[in-house]
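Shown next, in structure tokens, is the structure this report addresses.
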Amino acid sequence: MTAAPSQAVTFGYLFVALFALLVLRRAYRMMHGTPYRTGLLVVLPVFYLLIYAAELSVLAAVGVTTTLATEAYLSLAVDIALVVAGTFVAYRYVRKNVVLYRPEGSSQRYYRLSPLLPVVYVVLFVVRTVIAAVLLGESPFEFPTTASIESLPPVLLLTLAAVDALWGLSTGFLIGRSVGVYRAGQAPEVATAAPLS
């Protein structure tokens with residue numbers, strides 16, 4: 001008989017599920033048109049970046065506390081580079097593809113955008129959580145022990161590094177998406193009809 005998960009473990013998985021649902025709900029709303037809100041466009045990328053920074057702190061700790069310093073710092077450098085690259089790629093994509101409009105009779109501007117970037121982010125976020133739980137046997141948001149990292153075979157370490165790198169790229173996508181929408185909204189408004197649903 002297996003023991004029931006602790007309250008912290010249950011909370012961790014509930015947070016992952018709730019966070020994923022919120023991001024997907026926002027993606028759905030963006031696809032159909034959502035109000036242009038400057039505060040939300042600033043706060044959300046900061047939140048995504050903080051979640052990813054917490055993950056990167058694990059790599060930094062591994063570099064300091066284990067024999068895998070070279071690998072950990074190389075992976076950290078790749079992850080940071082991919083966040084930056086993802087930001088620039090998404091920014092350019094969004095500036096070309098975002099649709100800003102003002103619905104008839106509304107005083108507020110809206111925007112529409114493909115849900116692809118948030119969906120990719122959620123998939124990689126959940127995959128990373130599941131892989132960490134399966135490979136390390138630890139709950140979400142639990143700081144991995146040095147022993148659990150060092151005991152992994154090289155193939156599994158590479159798997160974690162690859163998923164972290166893809167997650168970094170998708171985090172960059174979401175940051176670039178918000179920056180692109182924000183910048184598009186700061187441009188002088190051109191009269192446009194509401195797009196078709």
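If you read the sequence from its start, that first residue is 1, and numbering goes on from there. Only this structure's heavy atoms are used, side chains among them; waters, hydrogens and symmetry mates stay out.
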Rounded to the nearest 0.5 Å, what separates atom [atom1] in [X] from atom [atom2] in [Y]?
| X | Y | atom1 | atom2 | result |
| --- | --- | --- | --- | --- |
| M31 | L113 | CE | CG | 11.0 Å |
| R177 | L41 | CZ | CG | 8.0 Å |
| R25 | R29 | CZ | CZ | 5.0 Å |
| Y91 | S178 | OH | OG | 12.5 Å |
| T171 | L124 | OG1 | CG | 8.5 Å |
| L44 | R37 | CG | CZ | 11.0 Å |

- request: Apply salt bridge (Lys or Arg N to Asp or Glu O under 4.0 Å) to D164 and list each qualifying residue two or more places apart in sequence or on a separate chain.
  value: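 Listed in chain order: R128.
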- request: Name all residues meeting the side chain to side chain donor-acceptor pair (under 3.5 Å) criterion together with Q186; count only those two or more places apart in sequence or in a different chain, and write none if there are none.
  value: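 Here the qualifying residues are Y36.
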query: Aromatic ring centroids of Y48 and Y121 under 6.0 Å?
result: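 Yes; Y121 has its ring centre under 6.0 Å from that of Y48.
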- prompt: Got a donor-acceptor contact below 3.5 angstrom from the S106 side chain to the P103 backbone?
  reply: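 Between the backbone of P103 and the side chain of S106 there is no qualifying donor-acceptor contact (under 3.5 Å).
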Is it the case that one hydrophobic cluster holds both [X] and [Y], taking links as side-chain heavy atoms less than 4.5 Å apart, direct or via other members?
| X | Y | value |
| --- | --- | --- |
| F19 | L22 | no |
| I51 | I175 | yes |
| L116 | V89 | yes |
| V23 | V43 | no |
| V42 | F173 | no |

- request: Name all residues meeting the side-chain contact (heavy atoms from CB on, under 4.5 Å) criterion together with L74; count only those two or more places apart in sequence or in a different chain, and write none if there are none.
  value: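 By the side-chain contact (heavy atoms from CB on, under 4.5 Å) rule, L74 matches no residue at all.
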- request: Identify, with sequence neighbours excluded, every residue that meets side-chain contact (heavy atoms from CB on, under 4.5 Å) alongside V127.
  value: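 By the side-chain contact (heavy atoms from CB on, under 4.5 Å) rule, V127 matches V123, I131, V163.
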message: Which residues pass the ring-ring contact (aromatic ring centres under 6.0 Å, His included) test with Y52, not counting sequence neighbours?
response: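 Applying ring-ring contact (aromatic ring centres under 6.0 Å, His included) to Y52 gives W167.
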Shortest non-hydrogen contact from [X] toward [Y]:
| X | Y | result |
| --- | --- | --- |
| A184 | V98 | CB-CG1, 3.7 Å |
| L40 | P45 | O-CD, 4.1 Å |
| Y93 | N97 | O-ND2, 2.7 Å |
| D79 | A161 | OD1-O, 4.4 Å |
| P35 | Y110 | N-CD2, 3.6 Å |
| M30 | P118 | CE-CG, 3.6 Å |

Going by atom type alone, with no hydrogens or angles, which donor-acceptor pairs under 3.5 Å involve a side-chain atom of residues 81-88 and a protein atom two or more places apart or on another chain?
from	atom 1	to	atom 2	distance (Å)
T87	OG1	V83	O	2.8
T87	OG1	G172	O	3.3

task: With the side chain counted from C-beta on, respond yes when R183 and R95 share a heavy-atom pair under 4.5 Å apart, and no when they do not.
output: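 Yes, close enough: below the 4.5 Å cut-off.
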